[in-house]
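A, B, ... follow the sequence lines: proteins, then strands. Residue 1 opens every chain.
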2 protein chains.
Amino acid sequence: MSAREKVLDAFEELLLNDGERGATLDAVAAQAAVSKGGVLYHFKNKDALVQGLTERLGDLTAVDTAAMIADPRGPSAYYVDTSVYDGSAIDRALIATARLAQEAHPVAREALAGTQRAWYELIEEEVGTRAVARAILLLGDGLYYNAVLTDEVANTQALGSGAADRAELLEVVAMLKDQAAARERAGGAGDPA
Amino acid sequence: MSAREKVLDAFEELLLNDGERGATLDAVAAQAAVSKGGVLYHFKNKDALVQGLTERLGDLTAVDTAAMIADPRGPSAYYVDTSVYDGSAIDRALIATARLAQEAHPVAREALAGTQRAWYELIEEEVGTRAVARAILLLGDGLYYNAVLTDEVANTQALGSGAADRAELLEVVAMLKDQAAARERAGGAGDPA
DNA sequence: GTCTATATGTTGATAGAC
DNA sequence: GTCTATCAACATATAGAC
């Protein structure tokens, strides 16, 4: 493995385990088993490290969306299935990038937004209905996750905050509730179709 | 307002806007319009500040769960409805705490877990089915949000990662998809019951 | 209760040896 | 390509004046 990749792996690992604050140049150097000077040879400053990670996420997103398209169950099934963290390469890159985004790194935020956009487009195409696609995406990624990672915190009027949007989401939840009640009556975990 | 609360508000505000890294003692002092010494009089060190915030979250969670119980639409409707960030006191405390949890503050992680537990218990009681309750909670809070904020990153075998759990979640998504298709056929956004 | 020093450790980054 | 100084900037925390 190239030394550059080794350094990037170290940065990612530290972000996952210790957060952004723990991912200092010293710590990255130690984790990658090189000196600080060695790290700064491959990445001239910390921003370059962040940049390197977002580029990795971009590459992995391309691979992921290809798999999403190829999955016979359809994009949304693939999406939810893989939304459970299992330590895959894209999971790691995604969460590491999320840690950076939390600390207001614009580059990291853009990278995350790009990944989500790619997911959304495929799901929207599959289910047809805008509301359901958004619901699946929001319910999957998590409403709060969005709030934490985007500028929704600063901008309360971001997408998904409107009363009408909220009502649509509530309908979906009502659907889930009704379906659960029906299943209770039928008494089993059988085919919901 | 007490000076203590003013300092805590400043800490919270900085966490929301600038992340954990921006919430330095200097910055907190400036935001609260007191000196650093003034901050350290009310909170003897930074950990005490974190502690103060988590206690605030605990208090707000108690208020929130009471409202959740009182809501005639039921806990899950209340839950999803209020999962959209709107700058309420609990939203702010929650996200500020989340920022700290991201940086591996154990106290903050426990506080968040406690809040989620309170929500889960009410939703589980309402819908009856374990799987649906978990789905609503996970789909609401976000699968990734969980991964980011808990030790799921370090511990891949955390709840919700099992193949059976995953299959249950997929069924719920299939339900959503079927319902969306049925609604498309009916041609409207009408009553899903 | 609130302020001003001040001590002490870290962090990101540079310069230059090997 | 990789390392060892070395530095200025900044962070937390203490001591003690007012």
Side-chain angles (χ1 to χ4, degrees), chain A residues 1-56 96-97 99-109 111, chain B residues 1-56 96-109:
Chain A
M1 191 202 293
S2 78
R4 206 190 120 96
E5 287 298 301
K6 212 171 60 179
V7 169
L8 210 48
D9 283 350
F11 184 47
E12 194 178 76
E13 176 78 9
L14 287 163
L15 284 171
L16 289 175
N17 294 337
D18 307 331
E20 204 252 336
R21 208 147 200 208
T24 64
L25 291 180
D26 270 310
V28 170
Q31 176 81 25
V34 292
S35 70
K36 205 174 357 177
V39 170
L40 287 164
Y41 170 75
H42 293 288
F43 300 92
K44 82 173 206 290
N45 55 29
K46 215 173 180 192
D47 269 5
L49 257 174
V50 174
Q51 184 73 34
L53 184 61
T54 59
E55 277 161 18
R56 173 181 278 189
T97 307
R99 303 259 199 242
L100 294 172
Q102 290 256 12
E103 295 298 316
H105 287 255
V107 202
R109 293 200 170 170
Chain B
M1 189 202 296
S2 79
R4 207 191 120 96
E5 288 298 303
K6 212 172 59 179
V7 169
L8 210 47
D9 283 350
F11 185 46
E12 195 178 77
E13 175 77 10
L14 286 164
L15 284 171
L16 289 175
N17 294 337
D18 306 332
E20 204 250 340
R21 213 152 197 203
T24 65
L25 291 181
D26 270 312
V28 170
Q31 176 81 26
V34 292
S35 70
K36 212 183 335 188
V39 170
L40 287 164
Y41 169 76
H42 293 289
F43 301 91
K44 81 174 207 291
N45 55 29
K46 212 172 184 192
D47 268 5
L49 257 174
V50 173
Q51 185 72 35
L53 185 60
T54 60
E55 276 160 19
R56 172 180 278 188
T97 307
R99 303 259 199 241
L100 294 172
Q102 291 255 13
E103 296 298 316
H105 286 255
V107 202
R109 291 198 171 173

Taken in chain and number order and not counting sequence neighbours, the residues that satisfy side-chain contact (heavy atoms from CB on, under 4.5 Å) with A:E55 are A:Q51
Would the distance check show the side chain of B:R99 and the main-chain N or O of B:L16 forming a donor-acceptor pair, the cut-off being under 3.5 Å? yes
Across all chains, not counting sequence neighbours, the salt bridge (Lys or Arg N to Asp or Glu O under 4.0 Å) partners of A:D9 are A:R56
If each end axis of the helix from C:dG1-D:dC18 to C:dC18-D:dG1 is fitted on five C1' pair positions, the angle between them, to 10 degrees, is 10°
Taken to the nearest whole Å, CG/A:D18 to C1'/C:dT10 is 15 Å
Scoring nucleotides 11-18 of chain D by protein non-hydrogen atoms under 4.0 Å (B base, S sugar-phosphate only, - none) yields SBBB----
Contacts of A:E13 meeting side chain to side chain donor-acceptor pair (under 3.5 Å) (sequence neighbours excluded), chain-then-number -> A:N17, A:R92
By side chain to side chain donor-acceptor pair (under 3.5 Å), B:N45 pairs with (sequence neighbours left out) none
For B:H105, the side chain to side chain donor-acceptor pair (under 3.5 Å) test, sequence neighbours excluded, returns B:E20
Which donor-acceptor pairs under 3.5 Å do the side chains of residues 22-39 of chain B make with protein atoms, sequence neighbours left out?
unit_1, atom_1, unit_2, atom_2, d
B:T24, OG1, B:A27, N, 3.1
B:S35, OG, B:G37, N, 3.4
B:S35, OG, B:G38, N, 3.1

* Asked: Under the 3.5 angstrom rule, does the side chain of A:R21 hit a backbone N or O of B:E103 as a donor-acceptor pair?
  -> no
According to a strict under-4.0 Å criterion, is B:Y41 in side-chain N/O contact with OP1 or OP2 of C:dT2? no
